[in-house]
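Take a look at the structure below.
In the text below, chain A, chain B and the rest are named by the order of the sequence lines, each starting its count at 1.
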Amino acid sequence: MGGFVSFFSGIGWLDIVDILLNSYILFRLYVLFRGTKTFRVLVGIAFLWFLQRAAFALGLVLFSWAIQGITAAGALIVIIVFRNEIRSVFQATDLKSIFWGIPGKVYGTPVEIIVESMFELARKRIGALLVIPGNDDLDEYLNNGIDWQGVVSKEMLLSIFFPDNPVHDGATVIKGGRVEKVGVILPLSERTDLPSYLGTRHRAALGLSERTDALVLLASEERGEVVAAKDRGLEVFYHPRGLEETLNIHLGLSTKEEQELLKQRRDLITAGVLSFSFVFITWYSITRGSDTLVALEVPIEYIKSDPEVEIVESSTNTVRLHVSGSSFLIKSIRPGQVRVRVNISETTGRKQVDIPLDAVSLPPGVLLKKVEPSEVTVFLTKSTVKKIPVQAHWIGKLPDHLIMTESAVTPQAIKVAGKSHLLKDLDTVYTEKIPLDNIRRSGRISARVILDSPALSVASGENRVTVEYRVQERDN
Amino acid sequence: MNLWKCYVPAVVCFCLLMLLGPAWPVEKKSASGLVLDTAVMCETVEGIAPVNRAVVFSLDIGEVYCFTSFTDIHRETVVYHKWYRCDQLSTSRRLTLKPPRWSTVSKLQFREADKGPWRVEIVDKSGQILKTIRFSIVD
C-alpha cells in the first residue's frame, strides 16, 4: 500500500501532462486511421514490436533480432505501400479535424443525400427513379441495368438523371452507400384504377412496390413532386423531413443508427483506454525503470549581461554533475541536452560564483543529485580608459659638470585604453629611453610612450610626448 | 551714486582677483590643514636646505634625498615618503611633523640595480597624495 502511495506521489503534474498528451496523440492517430488498411498493418507492426521486446526479455536473441528486422522493414513498407492512403487521410481532413472531433462513419444508406437529391431533381423538374431495396430479392424484377458501383453523392445522382445522360431514363438502385445499378427497367403496375395523370415513371414505381417490399422514390418531371411508392401505394412529399422519416423507417435506421452509435462510442472508449495504458506503460518503463547513477563532466557556460565584461581566468571550466534516472534515459542523453549556465554580475575583479541547481538543465526524467564544485572563482575584467601620468625615462650619463634641474612632459598624462585589471595598478607610463650623454644645454625632445602590455593602447592614438628639460652648471 | 562709486571698484577688484588668482603659487593643503611648502629631490641636505636639486641622479652620487617642508601644522602628525621604482613600491618612510612648521627628509642609497625611473609620493596620514616627485637614477 505504501509503495502504491509513494509511486503516485512521485508523479508530478508535468508527468501527467506528458502522459495525457501522448495518449491523446495516439488516440487521434486511431481516430484518423481507423478503418484503413494502414491502421490494420500498424496494429500488426505494434504487435511485432511487443513480440520482439518479449523475445529479447526472454533471451531469444536471434529471434528478437529477426523480429526487429521485420518490424523495421514493415514500418518502411507501410510508408511506401500505403503512402496514398496516408496522404489522403491528412489531405481529406482539415487541421482542426486532425486534432479535434470524431469524424462520423457512414454505416448504411446516406439518407440525407438521397432526400436532398430527390428534392433538387424535383425542383429542377428532372425525372428520376430511385429504388431502395428492402428484404426481398429484386433480381427477377430488375431488367437490363448497368453496373455502377459508385459511392452515393448528390452530384452523382443529379448527373445520372440529367436529361442528356444515356442512363437517365431508367431507375437507379441504391444499396448501402453505393449506387449499384443505373438504367434499370422496372415492371409496370397492372392496376387499372390509377389516375390518368400518372405517367410511366409512376406506374413503374408502383409496379415494383406491388411485387416487392422495396421503396421506390420518384421525382416528377411534369408536376415537380417527390413521390414514394411503397406497399402498393403512392405518397407525395412536400417537405424533406417526411421523406427522411419514410426512408429511415424503410431502412430500419432508427434502431440501427443507435446501435452503430453505441458501437462507435464503445470503440472510441476502448481506443482511449488502450492509448492511455500503452503510453502509461511506455512512460513508466522509460522514466521509472531501474535507477542509474552517473557523473557527467559538463562545460560551464557563463551568461553576462554586459558584453564588455570578459572572463580572464576561471578556477575550473567544467563541473561534474551527478545525475540519476532510468538506464534508458541516461543512455539517451546527448551532449547538448545537459547544460550548466551561470549568471555572472557586471562587477569586475576576482569573485566566487555559486552554481545553483537551477543553473543546470537536464533532459526530462533525469534528476540532478549533486554539482561538483558548487562554486567557481572567476576573474572578470572590462575594457576601460584611464588617464595616466607620463614620466621621461632617462638613461646614460649626464656630463659631470651638468645637473638636470627640471624635466617636464607635455602632455603630463595620456589616456590609456585596456582591460581594467591591467590598468588598475598602472600609475605611470614611461617614455622610450632618452639618452643623456649628448645633452649639453636645456632643450626639448620628442619621445614615444612605451606601454608594457600589447593589450594596452593609447586612447587618443597619438603616442608621442614632448619632454622639456633644463640643465645647468653644477655649483660645486 | 555712492553705491555706484563703491560697487564698481569692488566688482573690478573681484574680477582681477579671480583672473590673477590661479597664477599665484598654490600650496597643496592636506585634509588635516597641513600645507606642503616644498618638495624636491636633491643630492644632499645641508642644515635644513636641499642642495643640488635635480631630476636626474648619477649612480656615482650613491644616494638621493627627498626634501619636504610643511607649514600650518596644528598638531604633531605624520607623513609618508613612498618611493616607487618603475611603478613598484620600493620603500615607504614614516616621518613625524611637529607644529607649526617642519622640514623632513628621507634618503635612498642606491645600487646598480636601482637605475631607472623613480617617483616619490608624499602622502599624509589619511592617505591623500600631497605631491608626486619624479626623477631618474642613471649611470
Main-chain N/O of Trp118(B) paired to Gln391(A) side chain as donor or acceptor, under 3.5 Å: yes

Segment of Arg134(B) engaging chain A (4.5 angstrom heavy-atom cut-off): both

Arg474(A) and Glu43(B), any side-chain heavy atoms less than 4.5 Å apart: yes

Enclosure of Leu367(A) CG (heavy-atom neighbours >12, cutoff 6.0 Å): yes

Inter-residue atom distance Met404(A).CE - Ser136(B).OG, 0.5 Å rounding: 8.5 Å

Interatomic distance, Ile395(A) atom CD1 to Asp139(B) atom CG [nearest 0.5 angstrom]: 8.0 Å

Minimum heavy-atom distance between Gly116(B) and His393(A), given as atom pair plus value: CA-NE2, 4.2 Å

CZ (Arg101(B)) with more than 12 external heavy atoms under 6.0 Å: no

Residues, nucleotides or ligands: over 12 heavy atoms within 6.0 Å of Leu357(A) CG: no

Between CG on residue Leu402(A) and OG on residue Ser58(B), distance to nearest 0.5 Å: 12.5 Å

Approximate separation, where rounding is to 0.5 Å, of Leu89(B) CG and Asp425(A) CG: 12.0 Å

Arg470(A) atom CZ: more than 12 heavy-atom contacts under 6.0 Å: no

Close approach to chain B in residues 426-438 of chain A, criterion heavy atom under 4.5 Å: Leu426(A), Asp427(A), Thr428(A), Tyr430(A), Leu436(A)

Heavy-atom pairs under 4.5 Å with chain A, option from Val40(B), Asp87(B), Val138(B), Asp60(B) with the top count: Asp87(B)

Lys304(A) atom NZ, neighbour heavy-atom count above 12 within 6.0 Å: yes

Which portion of Phe135(B) sits near chain A, non-hydrogen atoms under 4.5 angstrom: backbone

Value rounded to 0.5 Å, distance of NZ in Lys397(A) from CG in Leu59(B): 8.0 Å

Whether over 12 other heavy atoms sit under 6.0 Å from Glu63(B) CD: yes

